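Because the structure is predicted, anything quoted here is derived from the model rather than measured.
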Amino acid sequence: MQLLQDGLVAMLAAIGLASIMWMVVKAVLYAPLERRRQGTVALIPAQGDGEGLEGQIRIMERLRKEQALVGTVLLVDCGLTEEGLRLARLLARDRRWVAVCAREEIGGYLQ
């Protein structure tokens with residue numbers, strides 16, 4: 001019985017130590033990500049009716065929330081139809097960090 005109790009105490013101590021170590025590592029590694037995100041711009045070329053734009057924005061949103069890798073997302077108009085342009089503008093309106101621009105305007109967002 002003593003052996004079982006010692007094993008249980010050792011297991012709980014190892015789990016507690018691992019949890020504390022993970023908190024320290026997470027604080028050290030993920031704290032500076034907020035600063036990195038501010039200057040990061042992702043360019044997504046949008047064409048046609050905007051097929052797949054919502055999925056790409058969701059992926060960028062997940063990367064933004066979980067790993068803080070994406071700052072601004074530019075939906076670049078590379079031949080969008082009226083319907084595609086309307087979809088892109090709706091996606092940009094719902095999210096402050098998404099913008100729609102023409103190819104010629106990309107330089108203004110990268111400065």
State plainly whether the residues E54 and R58 are in salt-bridge range, i.e. N to O under 4.0 Å. yes
Whether the side chain of T81 engages the backbone of G48 through a donor-acceptor N/O pair (distance < 3.5 Å, no angle test) should be reported.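 Flag set: sc T81 to bb G48 pair under 3.5 Å.
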Same cluster or not: L4 versus V9, using hydrophobic residues (I, L, V, M, F, W, Y) connected whenever any side-chain heavy atoms lie under 4.5 Å apart?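 The answer is no; the residues belong to distinct hydrophobic clusters.
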Testing the basics here: between V100 and A92, what is the closest heavy-atom pair and its distance to 0.1 Å?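 Nearest heavy atoms, V100 then A92: CG2-CB, 3.9 Å.
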Is atom CD1 of I15 surrounded by more than 12 heavy atoms (other residues, nucleotides or ligands) closer than 6.0 Å? yes
Flag yes if more than 12 heavy atoms outside Q5 fall under 6.0 Å of its CD atom; otherwise flag no.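 More than 12 within 6.0 Å, yes.
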Out of the candidates L74, V98, L53, V76, only one should pair with I44 under the side chain to side chain contact (heavy atoms under 4.5 Å, CB included) rule; please name it. L53
Once rounded to the nearest 0.5 Å, what's the spacing between atom [atom1] of [X] and atom [atom2] of [Y]?
X   : Y   : atom1 : atom2 : answer
L85 : D49 : CG    : CG    : 11.5 Å
L91 : R89 : CG    : CZ    : 12.5 Å
R95 : T72 : CZ    : OG1   : 14.5 Å

Test item: [X] and [Y] side chains (from C-beta on) under 4.5 Å apart, heavy atoms:
X   : Y   : result
L8  : M11 : yes
L75 : I57 : yes
E61 : K65 : yes

